[in-house]
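Below is one structure; the comments refer to it alone.
Letters A, B, ... mirror the listed sequences (proteins, then strands); counts begin at 1.
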Amino acid sequence: MLNNTDILETIKMIQEENLDIRTITMGISLLDCIDPDIDKACIKVYDKITRAAENHVRTGENLEKRYGIPIINKRISVTPIAMISAASAAPGGNPVKFALALDKAAKTTGVNYIGGYSALVHKGFSAGDSELLKSIPEALFETERVCSSVNIGSTHAGINMDAVALMGGIILEAAKKTSHNSCFGAAKLVVFCNAVEDNPFMAGAFHGAGEPDVVINVGVSGPGAVRAAIAKAPDASIDEIAEQIKRTAFKITRMGQLVGAEACKALNVPFGIVDLSLAPTPAIGDSVAHILEEMGLEKCGAYGTTAALALLNDAVKKGGVMASSHVGGLSGAFIPVSEDAGMIDAVKAGALTLEKLEAMTAVCSVGLDMVVVPGDTPADVISAIIADEAAIGMVNNKTTAVRIIPAIGMKEGEVLDFGGLFGSGPVMAVNKFSPGRFIGRGGRIPAPLQSLKN
Amino acid sequence: MRAVITVIGKDAVGILAKVTGICAGEGVNVMDVSQTIMQDLFAMTMLADISGLKTDFGAFSDKLKNLGADLNLQIHVMHEDIFNSMHRI
């Protein structure tokens, strides 16, 4: 018989510490939907998604009931649309048509977001890429549930600075077009270095070319449970804290593995990966910043934050790896500012700055995420922020990303409210000196040396 | 197939009877019951065989949840696998 303490611990983690499965994401390949006639291609895309994901949401809801654990999001990721739209790029082939088809498919299947309005341009632009990039602001404006991402660099290829230069303007335009709606277009757009092909998290999810036809990837969560575990031992040494985080991460990940495996069984789809993640929400008690503060920092952003985050990120992975048969995605702690109550407080208190966030991204999953900057931030400054972040990813062999929202019409200190899981972001200060000439040069940053590491 | 039913809240007369009453009505066989008082909270866990369940799992779970709401208790019904996978290697 199961032990009472274990049963009550699980219930407590779910009920009081906001433990949940953050997302079950179905990856769907659209490579067989390519057609020189864009309208035909869009019909194929819609049909394939609605066929493959017909029972996706219902299966998730059944599993929620069965295991008594909330599954917050059911989502879909698809092959980067630039690969599909390349074949239909002839005159009249506006790629936004694909975005509309994706949006319609998302609504039919009942998922809240669909990712993959994407292009991979880390080494250069192929047919379809430039058209897609240019169409991103319009696509995000015209659709409700479509998410977009662009990979502009990698450790093996270096950084495509032409794409970096373009993305600054594209982000700004996406924000401007949606300024009536909290500039939300920019919140659905991620710029990556070393993007992964099996990421279940939005807005950066897409279904890589090396993936199976249809696959299920799971993202777990549970910052509250980790914080509570650390709080139980206020005088513990750092070693003990690391051990405690590993144990909690193991339990959280096991749950993701179980739910993922059961979803695959029910849907008759192969199991992809579990993303060993700590994904915060704006709810009280669901914050990564509060874990760092529980470790002994007065506020997230104080000196010591990078070290504490490095410890947290590593321990989460070590605990999670044994709990899952296949690990992948972004795997690590997320630090999206607007989605984390502790981060929001830290920014408002002046403890957490853009520069400190950048340092933190060197040791944790992803990068500058859900960061709100003044609406008058020039495009080349946004491009330069992307370049810095991509350089961290490129040199450290890890994924980094930028999801930055220029708050049109707002100044530093004001708050941009998205509502729901996206929370609200205080507008952060940006360095005023111009990187214009550097960004204007164009070209590529060569791939870094893989030896002589220092 | 087995489920774990947990009841947490303030102790009162007849909780066990009411919960097992619903189980019996739905064709669920209670296999083991244990209860403890944590601080002043009553915590009962039951292991139940749900292979003979007359309705679907969700409906059974909702029924007990509603009973919990009436009695001011938290009642959860969860498949035992979630506990096994979390706490057993």
Residue selection (most heavy-atom pairs with chain B, distance under 4.5 Å) from A:L8, A:I14, A:T10:
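Most heavy-atom pairs under 4.5 Å with chain B: A:T10.
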Leading residue by heavy atom contact count with chain B [cutoff under 4.5 Å; candidates A:M255, A:E9, A:Q15]
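Counting heavy-atom pairs under 4.5 Å, the top option is A:Q15.
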Does the side chain of B:S34 pick up a donor-acceptor pair with the side chain of B:T45 at under 3.5 Å?
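B:S34 vs B:T45: donor-acceptor pair found between side chains.
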Can A:R145 and A:N112 be counted as having a side-chain donor-acceptor contact under 3.5 angstrom?
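Short answer, no.
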Counting only heavy atoms closer than 4.5 Å, note whether [X] contacts chain A via side chain, backbone, both or neither.
| X | value |
| --- | --- |
| B:I8 | side chain |
| B:D62 | side chain |
| B:T6 | side chain |
| B:F57 | side chain |
| B:M44 | neither |

Can you name the closest pair of heavy atoms from [X] and [Y] and give their distance?
| X | Y | answer |
| --- | --- | --- |
| A:A279 | A:F201 | CB-CE2, 4.1 Å |
| A:G332 | A:K317 | CA-CE, 4.5 Å |
| B:S85 | B:I82 | OG-O, 3.3 Å |

To the nearest 0.5 Å, what is the distance between CD1 on A:I273 and OG on A:S324?
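With rounding to 0.5 Å, CD1 (A:I273) is 8.0 Å from OG (A:S324).
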